[in-house]
Student: 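I have a structure here, written as structure tokens, and I will follow up with some questions on it.
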Amino acid sequence: MMSCALAMPIQPMDFSEFSKAMKDQLPDGVNIRAVRMDKGFTGEKVFQTLEQDNRDYVIKLKWTKRLAQLAQAPNLLWHCITESDREHCDVASIMYQATSWDKPRWVIIVRRLDIEPQECLCADWLWEYEAITND
């Protein structure tokens, strides 16, 4: 049996290094216009890298207790974006600054209900929530 050893230990890469490495692999003339990432990529260094590169982004946020409280604010203006016989989806936007962020950013809160709101008392626990930030 053969074994293989690496000459150098693998070092974790920060996001700016990762982003540069990905851009360096692109053919000449190819530009990344927008980035979509999941909730594991919401640190300030990620935002700074994308914003310094003038890169459009959409990043799903981890749903936190603080976001949940903001989603229940009575003055939040919800807009219905889709209605059907079995689904209802609303969105609202807020300025939000997570404790690890250097500045506030726009956050879109999305709530979904799988039954018509008029058919139930619309109890808060029936809604599914998520939050997304964009530039």
Side-chain angles (χ1 to χ4, degrees):
M1 180 185 300
M2 264 175 61
S3 66
C4 182
L6 293 174
M8 295 174 38
I10 298 173
Q11 298 294 321
M13 192 182 293
D14 75 9
F15 183 78
S16 63
E17 292 170 342
F18 172 77
S19 177
K20 182 180 180 330
M22 293 300 101
K23 287 188 290 187
D24 290 346
Q25 293 181 38
L26 293 173
D28 289 340
V30 174
N31 186 26
I32 300 170
R33 290 184 33 181
V35 176
R36 192 276 186 219
M37 294 188 289
D38 207 359
K39 56 190 168 191
F41 298 93
T42 57
E44 185 61 30
K45 288 183 181 182
V46 172
F47 291 126
Q48 287 176 357
T49 299
L50 295 170
E51 290 165 358
Q52 286 170 357
D53 286 350
N54 292 318
R55 193 85 52 229
D56 292 336
Y57 62 83
V58 175
I59 304 174
K60 184 174 181 179
L61 300 176
K62 179 180 178 185
W63 189 249
T64 64
K65 183 177 180 179
R66 192 159 152 240
L67 281 168
Q69 290 171 339
L70 291 170
Q72 299 305 316
N75 61 341
L76 199 57
L77 185 57
W78 291 99
H79 302 279
C80 178
I81 59 172
T82 181
E83 263 187 271
S84 70
D85 291 344
R86 299 298 304 160
E87 180 184 60
H88 187 88
C89 186
D90 296 337
V91 295
S93 62
I94 59 171
M95 284 299 286
Y96 173 75
Q97 183 172 354
T99 55
S100 63
W101 299 356
D102 289 346
K103 65 180 184 179
R105 292 180 171 85
W106 280 108
V107 170
I108 309 300
I109 299 175
V110 181
R111 68 178 183 182
R112 290 185 184 89
L113 189 62
D114 287 335
I115 57 176
E116 280 294 313
Q118 294 82 7
E119 295 177 12
C120 65
L121 297 175
C122 293
D124 292 336
W125 65 85
L126 293 176
W127 291 93
E128 294 176 21
Y129 288 86
E130 65 182 286
I132 301 165
T133 189
N134 65 334
D135 61 332

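Basis for what follows: all heavy atoms, side chains included, without hydrogens, waters or symmetry-related copies.
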Student: Shortest non-hydrogen contact from Ala71 to Tyr129?
Tutor: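 Closest pair (atom of Ala71, atom of Tyr129, distance): CB-CE2, 3.9 Å.
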Student: Is it possible for you to say whether Leu76 and Trp106 belong to one hydrophobic cluster, with membership spreading through side-chain heavy-atom contacts below 4.5 Å?
Tutor: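 No; tracing contacts between hydrophobic side chains, which count when under 4.5 Å, never links both residues.
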Student: So do the side chains of Lys62 and Thr42 get within less than 4.5 Å of each other, counting heavy atoms only?
Tutor: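 Of all side-chain heavy-atom pairs linking Thr42 with Lys62, none is under 4.5 Å.
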Student: Taking atom CZ of Arg33 and atom CG of Asn54, what is their separation to the nearest 0.5 Å?
Tutor: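 Here the interatomic distance stands at 13.5 Å.
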Student: Answer whether the closest heavy-atom distance between the side chains of Glu51 and Tyr57 falls below 4.5 Å.
Tutor: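 A side-chain contact under 4.5 Å exists here.
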Student: Got a salt bridge between Glu44 and Arg105, using NZ or NE/NH1/NH2 to carboxylate O under 4.0 Å?
Tutor: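 Here Glu44 pairs with Arg105 in a salt bridge, since their nearest N and O are under 4.0 Å apart.
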Student: Nearest 0.5 Å, what's the CD-NZ distance between Gln25 and Lys20?
Tutor: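 Spacing of CD (Gln25) from NZ (Lys20) equals 11.0 Å.
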Student: Under the side chain to side chain contact (heavy atoms under 4.5 Å, CB included) test against Val35, which residue among Asp56, Thr49, Leu50, Val46 passes?
Tutor: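 With Val35 as partner, Asp56, Thr49, Leu50, Val46 yield a single side chain to side chain contact (heavy atoms under 4.5 Å, CB included), made by Leu50.
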Student: Enter the distance from Lys39:NZ to Ile59:CD1 here, rounded to the nearest 0.5 Å.
Tutor: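 Here the interatomic distance stands at 13.5 Å.
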Student: Within the structure provided, determine whether Phe47 and Thr133 are in side-chain contact (heavy-atom separation under 4.5 Å).
Tutor: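 They are in contact (side-chain heavy atoms under 4.5 Å apart), so the answer is yes.
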Student: Find out whether Tyr96 and Ile109 are in side-chain contact, i.e. whether some heavy atom of one side chain is under 4.5 Å from a heavy atom of the other.
Tutor: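 Answer no - side chains too far apart.
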Student: Answer whether the closest heavy-atom distance between the side chains of Asn31 and Arg55 falls below 4.5 Å.
Tutor: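 Yes, their side chains come closer than 4.5 Å.
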Student: Checking Gln72 side chain against Gln69 main chain: does a donor-acceptor pair fall under 3.5 Å?
Tutor: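 Side chain of Gln72 to backbone of Gln69: no pair is present.
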Student: Is a side-chain N or O of Gln97 found less than 3.5 angstrom from the main chain of Trp101, in a donor-acceptor match?
Tutor: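 Indeed, once roles are kept as given, a pair shorter than 3.5 Å links the two residues.
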Student: Between atom CG of Leu61 and atom CD1 of Ile108, what is the distance when rounded to the nearest 0.5 Å?
Tutor: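 Going from CG on Leu61 over to CD1 on Ile108, the span is 10.5 Å.
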Student: In the single-linkage hydrophobic clustering (I, L, V, M, F, W, Y; side-chain heavy atoms under 4.5 Å), do Val30 and Phe18 co-cluster?
Tutor: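 Hydrophobic grouping puts Val30 with Phe18.
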Student: Taking the side chain as everything from C-beta on, heavy atoms only, tell me whether Cys80 gets closer than 4.5 Å to His88.
Tutor: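 Side chain of Cys80 against side chain of His88, heavy atoms only: contact under 4.5 Å found.
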Student: Do you know the tightest heavy-atom contact between Arg112 and Cys89?
Tutor: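 For Arg112 versus Cys89, the nearest heavy atoms are CG-SG, 3.9 Å.
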Student: Indicate if Ile81 and Ile132 have the same hydrophobic cluster label, given that clusters are the connected sets of ILVMFWY residues with side-chain heavy-atom separations under 4.5 angstrom.
Tutor: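 Same cluster.
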Student: Rounded to the nearest 0.5 Å, what separation is found between the CG atom of Leu67 and the NZ atom of Lys65?
Tutor: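 Those atoms lie 13.0 Å apart.
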Student: For the residue pair Asp102 and Gln48, what are the closest heavy atoms and their distance?
Tutor: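 What the structure gives for the nearest pair is OD2-NE2, 3.0 Å.
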